Chemist: 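This is the structure I have questions about; it appears just below.
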Amino acid sequence: MAEPGDNRSVNQLAAETASLEEHFQGWGEVVLLADRTLRWEKPWFPAAIMGAVSFLFLMIYYLDPSVLSGVSCFVMCLCLADYLVPTLAPRIFGSNTWTTEQQQRLHEICSNLVKTRRRIIGWWKRLFVLKEEKPKMYFMSMITALAFIAWIGQQVHNLFLTYIIVSFVLLLPGLNKHGIITKFVGMGKREINKLLKQKEKKNE
């Protein structure tokens, strides 16, 4: 028998998913196209993603805009997309081509986005729980992590570092779907286990 708290959580998840679907009204075809691209449904999609990201960052490097100009242009592009996409999408993709399967996939995407947002909020809350319960560990962990990030920032050019982060984030869904991340994590675990076994043998 399901607990009342579980039912409340499920209902809240469904409500948040439905709300996000409403926000994506008029963006359905674009969201599904982005989903297919990010999940590498065709072999050339990774190259297309990297080509688009590389072109964008080369333009930023060439134009060298100030922070204020860059933020203004980014927000302006978002505003244009918010206005033009719902208007042009039906003309490009066709207004009568939306199917039940596409609606189901959009629902799955919205559900996954809501779950991801919940995980991030959960991690953030756990960080504050750690601060309350183990302040010394929290302090040392934060100082060490931030010092390491600051060191990385000093070693690598800001734009190149941003390029690497954006590329990784955009490639992450495809890497996950095709099992590449699982493969490398498994390889890492095997290597760690080998090292631990070798260390145990030396200690015997």
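No hydrogens, no waters, no symmetry mates; every other heavy atom, side chains included, goes into these values. As the structure is a computational prediction, the values presented were derived from the model and not from experiment.
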Chemist: Linking directly or through intermediates, with side-chain heavy atoms under 4.5 Å: list the remaining ILVMFWY members grouped with Ile149, chain and number order.
Modeler: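 Cluster partners of Ile149: none, it stands alone.
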
Chemist: Would you say Val156 ends up clustered with Val169 if hydrophobic residues are merged whenever their side chains have heavy atoms under 4.5 Å apart, either directly or through other cluster members?
Modeler: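 Val169 clusters together with Val156.
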
Chemist: Measure the OG-CD distance between Ser19 and Gln12 for me, rounded to the nearest 0.5 Å.
Modeler: 11.5 Å

Chemist: Could you list all the side chain to side chain donor-acceptor pair (under 3.5 Å) pairs where at least one residue sits in residues 170-183, not counting sequence neighbours?
Modeler: none

Chemist: Identify whether Ile152 and Phe168 are in the same connected component of the hydrophobic contact network (ILVMFWY, side-chain heavy atoms under 4.5 Å).
Modeler: yes

Chemist: Kindly work out whether a path of hydrophobic side-chain contacts (I/L/V/M/F/W/Y, heavy atoms less than 4.5 Å apart) joins Leu20 to Val30.
Modeler: yes

Chemist: Rounded to the nearest 0.5 Å, what separates atom OG1 in Thr17 from atom CD1 in Ile109?
Modeler: 12.0 Å

Chemist: Residues in side-chain hydrogen bond (donor to acceptor under 3.5 Å, both in side chains) with Thr162, at least two apart?
Modeler: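 So Thr162 forms no side-chain hydrogen bond (donor to acceptor under 3.5 Å, both in side chains) with any residue.
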
Chemist: Which residues pass the salt bridge (Lys or Arg N to Asp or Glu O under 4.0 Å) test with Glu16, sequence neighbours left out?
Modeler: Arg117, Arg118

Chemist: Clusters formed by hydrophobic residues whose side-chain heavy atoms approach within less than 4.5 Å: which one holds Met140, and what are its other members?
Modeler: Phe139, Ile143

Chemist: May I have the list of side-chain donor-acceptor pairs in residues 122-135 shorter than 3.5 Å, sequence neighbours left out?
Modeler:
none

Chemist: Transitively linked via ILVMFWY side-chain contacts under 4.5 Å: Val31 with Val114?
Modeler: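 Yes; Val114 is reachable from Val31 via cluster members.
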
Chemist: Is there a donor-acceptor contact under 3.5 Å from the side chain of Ser72 to the main chain of Leu68?
Modeler: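 Flag set: sc Ser72 to bb Leu68 pair under 3.5 Å.
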
Chemist: Sequence neighbours excluded, which residues qualify as side-chain hydrogen bond (donor to acceptor under 3.5 Å, both in side chains) partners of Thr100?
Modeler: none

Chemist: For Ser69 and Ser66, which I'm curious about, is there any donor-acceptor pair between the side chains at under 3.5 Å?
Modeler: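 Ser66 and Ser69 do have a side-chain donor-acceptor pair below 3.5 Å.
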
Chemist: Can you name the residues that form a side-chain hydrogen bond (donor to acceptor under 3.5 Å, both in side chains) with Gln103, not counting sequence neighbours?
Modeler: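 With neighbours one apart ignored, the set is Glu21, Trp98.
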
Chemist: Enumerate the residue pairs fulfilling ring-ring contact (aromatic ring centres under 6.0 Å, His included) with a member in residues 7-28, sequence neighbours excluded, ordered by first and then second residue.
Modeler: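 Every candidate ring-ring contact (aromatic ring centres under 6.0 Å, His included) pair involving residues 7-28 fails, so no pair, neighbours aside, qualifies.
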
Chemist: Going by the side chain to side chain donor-acceptor pair (under 3.5 Å) test, which pairs reach into residues 37-52, not counting sequence neighbours?
Modeler: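 Only Asp35-Arg39, Arg39-Glu41 qualify under side chain to side chain donor-acceptor pair (under 3.5 Å).
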
Chemist: Look at the side-chain heavy atoms of Ile, Leu, Val, Met, Phe, Trp and Tyr, link any pair under 4.5 Å apart, and say whether Val67 and Phe160 land in one connected group.
Modeler: no

Chemist: If I compare all heavy atoms of Pro65 with all of Gly70, which pair ends up nearest, and what's the gap?
Modeler: CB-N, 4.3 Å

Chemist: Distance from Leu170 atom CG to Ile49 atom CD1, nearest 0.5 Å?
Modeler: 6.5 Å

Chemist: Ignoring hydrogens and angles, write down the donor-acceptor pairs under 3.5 Å from the side chains of residues 52-59, residues two or more places apart or on other chains.
Modeler:
from	atom 1	to	atom 2	distance (Å)
Ser54	OG	Met50	O	2.7
Ser54	OG	Tyr163	OH	2.8

Chemist: Could you go through residues 73-85 and list every donor-acceptor pair under 3.5 Å that involves a side-chain atom there, pairing it with any protein atom two or more places apart or in another chain?
Modeler:
none

Chemist: Just verifying a value: how many Å separate Thr116 OG1 and Ile121 CD1, rounded to the nearest 0.5 Å?
Modeler: 11.0 Å

Chemist: With rounding to the nearest 0.5 angstrom, report the CD to OG distance, Gln104 to Ser111.
Modeler: 9.5 Å

Chemist: CG/Leu146 to OG/Ser141 distance, rounded to the nearest 0.5 angstrom?
Modeler: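 Going from the CG atom of Leu146 to the OG atom of Ser141 covers 10.5 Å.
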
Chemist: Would one find more than 12 heavy atoms of other residues, nucleotides or ligands at under 6.0 Å from atom CD of Gln154?
Modeler: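 For Gln154, atom CD is not crowded (no more than 12 foreign heavy atoms under 6.0 Å).
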
